[in-house]
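Numbers for residues simply follow the sequence, beginning at 1.
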Amino acid sequence: RAPTTAELFAYGPHIASQTFEIGDEMLREETNLHGEIAYRMTGEWLSGSLVVYADRFDNFIYQMNTGDEEDGLPVFEFVARDANFRGFEFQGDAELFSAGGFDVIGRAQTQLAADPVVLLGGGLGQRAGGRGKDPTGVRHGLVQEQGVEVVAQVVVGVDVGAAAPA
């Protein structure tokens with residue numbers, strides 16, 4: 001990808017991030033070689049996926065904290081370095097029980113990379129045709145991110161035919 005105009009020409013306070021940003025007109029195009037291996041399974045009550053990935057970036061563009069301060073704000077400079085990222089993602093869903101035509105589903109997700117993320121939650125979905133069928137209708141759920149912050153999440157969607165569950 002090519003550098004954005006902010007990455008090239010920024011020079012001043014960024015109010016939303018409370019930083020003083022400095023761009024670099026000499027930044028070059030960022031390139032990436034990406035590879036992944038995925039395994040997905042679907043059973044009557046249990047489904048899940050495991051993805052292992054690796055990325056090799058040339059000229060990875062990011063913001064580096066310079067340690068300086070300008071106008072009372074920390075100074076971040078856009079820089080580019082070669083970078084390698086490796087990690088995995090896991091997601092598992094288990095149908096816990098059914099009541100009144102609705103399935104109660106437990107979900108666990110994790111991503112292990114530079115910033116590990118663990119998501120735990122649950123949902124309520126209605127399945128046309130009973131157990132093991134594709135969900136249809138509205139799902140509601142709560143997601144707990146990194147064991148600290150609870151975020152309400154509402155997913156509205158209709159999966160029809162052989163579409164994979166959302």
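- If you chain together hydrophobic residues whose side chains sit under 4.5 Å apart, Val79 and Phe57 fall into the same group.
- Sequence neighbours left out, not one pair with a member in residues 60-78 passes salt bridge (charged side-chain N to carboxylate O under 4.0 Å, His left out).
- Cluster annotation: Leu8 is not connected to Met64 through the hydrophobic network of ILVMFWY side chains, with a link wherever side-chain heavy atoms come within less than 4.5 Å.
- Smallest separation of non-hydrogen atoms from Ser17 and Thr19: OG-OG1, 2.7 Å.
- Put simply, the side chain of Asn59 does not reach to within 4.5 Å of the side chain of Leu27, judged on heavy atoms.
- Clustering ILVMFWY residues whenever any of their side-chain heavy atoms sit less than 4.5 angstrom apart, transitively, puts Tyr62 in a cluster other than the one holding Phe76.
- Considering all non-hydrogen atoms of both residues, Leu73 and Gln18 come closest at CD2-O, 3.6 Å.
- We find the CG-CZ distance between Asp55 and Arg86 to be 10.0 Å, quoted to the nearest 0.5 Å.
- Screening Arg40, Glu89, Met41 against Ser49 for a side chain to side chain contact (heavy atoms under 4.5 Å, CB included) leaves a single residue, Arg40.
- For residues 3-30, the ring pair (Phe, Tyr, Trp, His ring centres under 6.0 Å) pairs, not counting sequence neighbours, are Tyr11-Phe20.
- Thr42 approaches Ser47 most closely through the heavy-atom pair CA-CB, 4.0 Å.
- Using a 4.5 Å heavy-atom threshold, the side chains of Phe78 and Ile22 count as separate.
- Counting heavy-atom neighbours within 6.0 Å of Met26 CE, excluding the residue itself, gives a total of 12 or less.
- For residues 9-35, every residue pair satisfying the salt bridge (charged side-chain N to carboxylate O under 4.0 Å, His left out) rule, not counting sequence neighbours, is listed here: Arg1-Glu30.
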